[in-house]
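Inspection log for the structure reproduced underneath, given as structure tokens.
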Amino acid sequence: MILLLGGEKGGTGKSTLATNLAAWLAVKGCDVILVDTDVQRTAANWVDRRQLLSGISAVHCAERRGNVFHALRDLAKRYEEVIVDAGGRDSEELRTALVAAHQLYVPLRASQPDLETSLHMNELVTLARGMNPILEARVLISMAPTNPAVKETADAQELLRELSALAPSAITISERKAYRDAMTEGRGVCELNNDKASAEIAALAGEIYGDRHG
């Protein structure tokens, strides 16, 4: 299956989710490849750091630019799971990945600038489904405040329910230092023994993959 983490806003946690899901799958024994289409190489750098570690489950990596449709479909024939980390902008990579992907997740912060980009992503998904009718698309609140008194997340989720092409994810990913630590170390939070962050990623993986890797 091809999972795409994409969107038009940078800094929303796409690479964090892509790398953590890849690590979660690898720990489960899955043959997974992480495809980095962004010139910033955030996901690829994470894999580079991971490869220096010993006794850790392997995550394969490929970097692709431009039209990635055929590359992604080819990789899907050779790997059990493909996770695509697309940059935070409307690009050829994002649009062609939308046509190749089976599932899309659009992570957004619960802020007005981020929420505004969801409208155009809604349009892009609608266009992509003209060529890729099986595409499932969800929007997810990421980097959410952990303070229960802050109601931004609930307000944002209410607004996102109005999108026609993007279904709201039932999962919220919080702002936690564990995610930054995992990125720095080339690990997933599931490998850092952080219960709260690990539970969030496990819940997200369950929503995406069901019981395929349980």
Side-chain angles (χ1 to χ4, degrees), residues 1-7 13-38 41-64 68-86 93 97-107 132 134-138 140 142 167 169-173 176 178-214:
M1 186 186 80
I2 302 172
L3 170 67
L4 169 62
L5 281 302
K14 289 181 290 296
S15 297
T16 294
L17 294 181
T19 54
N20 274 283
L21 287 168
W24 185 90
L25 288 168
V27 168
K28 295 288 185 180
C30 178
D31 191 19
V32 57
I33 185 165
L34 187 55
V35 183
D36 194 335
T37 72
D38 190 1
R41 300 190 75 249
T42 303
N45 286 334
W46 176 85
V47 173
D48 289 345
R49 291 189 291 273
R50 188 177 183 84
Q51 290 175 341
L52 299 176
L53 303 174
S54 59
I56 198 164
S57 302
V59 173
H60 305 283
C61 184
E63 296 182 61
R64 298 290 185 270
V68 299
F69 174 84
H70 294 293
L72 295 181
R73 286 295 175 91
D74 179 62
L75 288 169
K77 297 175 183 176
R78 295 188 281 136
Y79 292 88
E80 193 175 355
E81 301 292 351
V82 178
I83 299 177
V84 186
D85 180 17
E93 289 84 359
L98 281 169
V99 180
H102 301 101
Q103 288 199 56
L104 163 71
Y105 270 73
V106 181
N132 183 14
I134 67 169
L135 177 65
E136 296 180 14
R138 291 184 175 88
L140 171 148
S142 67
S169 169
I171 312 302
T172 297
I173 302 297
R176 301 186 191 278
Y179 290 115
R180 298 191 294 275
D181 291 343
M183 183 65 74
T184 300
E185 296 181 23
R187 301 177 187 269
V189 291
C190 64
E191 298 164 314
L192 295 183
N193 297 317
N194 184 288
D195 292 343
K196 291 182 178 179
S198 296
E200 288 179 348
I201 293 301
L204 179 59
E207 182 178 79
I208 295 169
Y209 299 108
D211 58 3
R212 289 172 56 193
H213 304 290

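Note that this is a predicted model, so its numbers are computed, not measured.
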| request: Using only heavy-atom distances, determine whether the side chains of Y105 and E136 contain a donor-acceptor pair under 3.5 Å. | output: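 No pair is found: no donor N or O on one side chain lies under 3.5 Å from an acceptor on the other.
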| message | Would you say H102 and N132 are linked by a side-chain donor-acceptor pair, where the criterion is simply a distance under 3.5 Å? | response |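 Absent: no donor and acceptor within the cut-off.
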Value rounded to 0.5 Å, distance of [atom1] in [X] from [atom2] in [Y]:
| X | Y | atom1 | atom2 | answer |
| --- | --- | --- | --- | --- |
| T16 | Y179 | OG1 | OH | 8.5 Å |
| E81 | D31 | CD | CG | 9.5 Å |
| S15 | N45 | OG | CG | 9.5 Å |
| D36 | R64 | CG | CZ | 11.0 Å |
| E191 | N20 | CD | CG | 8.5 Å |
| L53 | R187 | CG | CZ | 5.0 Å |

If you take all heavy atoms of [X] and [Y], which pair is closest and at what distance?
| X | Y | answer |
| --- | --- | --- |
| S169 | E207 | OG-OE1, 2.7 Å |
| C30 | E80 | SG-OE1, 3.5 Å |
| L72 | I2 | O-CD1, 3.6 Å |
| S198 | C190 | OG-CA, 3.5 Å |
| V189 | A178 | CG1-O, 3.6 Å |
| R50 | A26 | NH2-CB, 4.5 Å |

With a 4.5 Å limit on heavy-atom distance, are the side chains of [X] and [Y] in contact?
| X | Y | answer |
| --- | --- | --- |
| T172 | L140 | no |
| I208 | L3 | yes |
| L204 | L21 | yes |

| request: Look at the side chain of R176 and the backbone N and O of N194, then say whether any donor-acceptor pair between them is shorter than 3.5 Å. | output: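 Such a contact is absent between R176 side chain and N194 backbone.
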| query | Does any N or O in the side chain of R138 come within less than 3.5 Å of the main-chain N or O of L104, such that one atom is a donor and the other an acceptor? | reply |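 Checked: no pair found.
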| field | Residue pair R41, D48: steps toward the salt bridge (charged side-chain N to carboxylate O under 4.0 Å, His left out) verdict | value | CA-CA 10 Å; R41 300 190 75 249; D48 289 345; 3.5 Å; yes
| message | side chain to side chain contact (heavy atoms under 4.5 Å, CB included), that's the test. Do V68 and V35 meet it? Break it down for me. | response | CA-CA 10 Å; V68 299; V35 183; over 6 Å; no
| request: Please lay out, stage by stage, how V27 and I56 fare under the test side chain to side chain contact (heavy atoms under 4.5 Å, CB included). | output: CA-CA 8 Å; V27 168; I56 198 164; over 6 Å; no
| request: For Q103 and L135, run side chain to side chain contact (heavy atoms under 4.5 Å, CB included): C-alpha distance rounded to whole Å, both residues' side-chain angles, the deciding distance at 0.1 Å, then the answer. | output: CA-CA 6 Å; Q103 288 199 56; L135 177 65; 5.8 Å; no
| ring-ring contact (aromatic ring centres under 6.0 Å, His included) with Y209: which residues, sequence neighbours excluded? |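 H213.
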| field | From CA spacing to verdict: side chain to side chain contact (heavy atoms under 4.5 Å, CB included), L192, D181 | value | CA-CA 9 Å; L192 295 183; D181 291 343; 4.2 Å; yes
